[in-house]
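Reading through the structure tokens given below for one structure.
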Amino acid sequence: MKLLINLIRNLVGCIIVLIDLVTRGSKLKRTSEQQKQVNEEVKDLTLYQFFACPFCIKTRRAIYKLNLPIEKRSASEGSIHRDELLKGGGRVKVPCLRIEKEGKVEWMYESSDIIRYLETRFP
Ligand SMILES: N[C@@H](CCC(=O)N[C@@H](CS)C(=O)NCC(=O)O)C(=O)O
């Protein structure tokens, strides 16, 4: 039964991924200097995620629109990054944005908070 639920969940997730791909539109355009600076800044950010999770798709969509090349790590079962997320953030819940700033690390959960943070930081 659990297997069937997981299968349906993943199938729905993949359909949402496809719809997102078709409808996501264009990325934010910056001058090459501005983009270079943004590319440097996002090196301090990492998104922990599942491929087919709707909250992760929503977050990835915002990241795409904002044209932010943020590193993405899969936290799905059996992946090497799942433990990192558990140890660092305290729980395996995705999406989670790891923010490194002045030697300190913050783990931000909640897709809406992550999107708000990125839209504010990279307007
Ligand atoms: N309100 C959260 C919901 C996130 C959520 O429920 N994520 C699910 C995946 S879709 C999760 O990580 N569940 C824990 C698990 O499956 O181990 C958000 O908007 O980010």
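In listed order, ligands and their atoms are each counted from 1.
In the model, Y117 has a side-chain atom that pairs as donor or acceptor with a side-chain atom of R121 under 3.5 Å.
Residue D20 is tested with R60, R61, K58 for a salt bridge (charged side-chain N to carboxylate O under 4.0 Å, His left out); the sole match is R61.
Using modelled atom types, no side-chain atom of R30 and backbone atom of Q35 make a donor-acceptor pair closer than 3.5 Å. Between the S76 side chain and the F50 main chain, no donor and acceptor come within less than 3.5 Å of each other.
Among the atoms of C53, none of the N or O lies under 3.5 angstrom from an N or O of ligand 1. For the pair E110 and ligand 1, the shortest N or O to N or O distance falls below 3.5 Å.
Distance check, rounded to the nearest 0.5 Å: CG of L118 to CG of L45 gives 6.5 Å.
The nearest heavy-atom contact from the protein to atom 17 (O) of ligand 1 is V92 O, 3.7 Å. Regarding atom 5 (C) of ligand 1, its nearest protein heavy-atom neighbour is V94 O, 3.6 Å. Nearest non-hydrogen protein atom to atom 6 (O) of ligand 1 is F55 CE1, 3.8 Å.
Residue contacts with ligand 1 include P95, since one of its heavy atoms falls under 4.0 Å from the ligand.
Taking a distance limit of 4.0 Å, we find that atom 13 (N) of ligand 1 is approached by no protein heavy atom.
The option from S111, P54, A75, S112 that lies nearest to atom 19 (O) of ligand 1, judged by heavy atoms, is S111.
Of all the atoms in ligand 1, the ones that sit under 4.0 Å from a non-hydrogen atom of F50 are 16 (O).
Ring orientation note: the planes of W107 and Y48 are tilted relative to one another, at an angle of 30° to 60°.
Contact annotation: the side chain of K27 never approaches that of K65 to less than 4.5 Å [non-hydrogen atoms, C-beta and beyond].
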